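Okay, structure first, notes after.
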Amino acid sequence: MTTEQRQPTEFDRYTAAHLNPELLNRVIELEKDLQAQTNKDVILIAYEESEHNPT
């Protein structure tokens, strides 16, 4: 099945958010702070609803 024939899935509703460098650095710093406090790996994800919305 080619990409053009593929049916949209629920995961197609969202794409990675475009953050300016200042905001991206704030997210990275928050990840580090949370990791230090919890002693666990922390990954924060910024996303936005995509133009292609299958619902």
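Values below: all heavy atoms of this structure, side chains included; hydrogens, waters and symmetry mates excluded. Quick caveat: nothing in here was measured; it's all calculated off a predicted structure.
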Which heavy atom in L19 sits nearest to a heavy atom in L24, and how many Å separate them?
-> CB-N, 4.2 Å

Rounded distance (nearest 0.5 Å) linking atom CG of D33 with atom OG1 of T38 | 10.5 Å

For E29, what residues pass the salt bridge (charged side-chain N to carboxylate O under 4.0 Å, His left out) criterion, not counting sequence neighbours?
-> K32

To the nearest 0.5 Å, atom CD of E49 lies from atom OH of Y14 at 5.0 Å

So CG of L34 and CG of L44: to nearest 0.5 Å the spacing works out to 6.0 Å

Would you say Q35's side chain and V42's backbone share a donor-acceptor pair under 3.5 angstrom?
-> yes

Atom CG of N20: over 12 foreign heavy atoms under 6.0 Å = yes

Should V27 and I45 be counted in the same cluster of Ile, Leu, Val, Met, Phe, Trp and Tyr side chains packed under 4.5 Å apart?
-> no

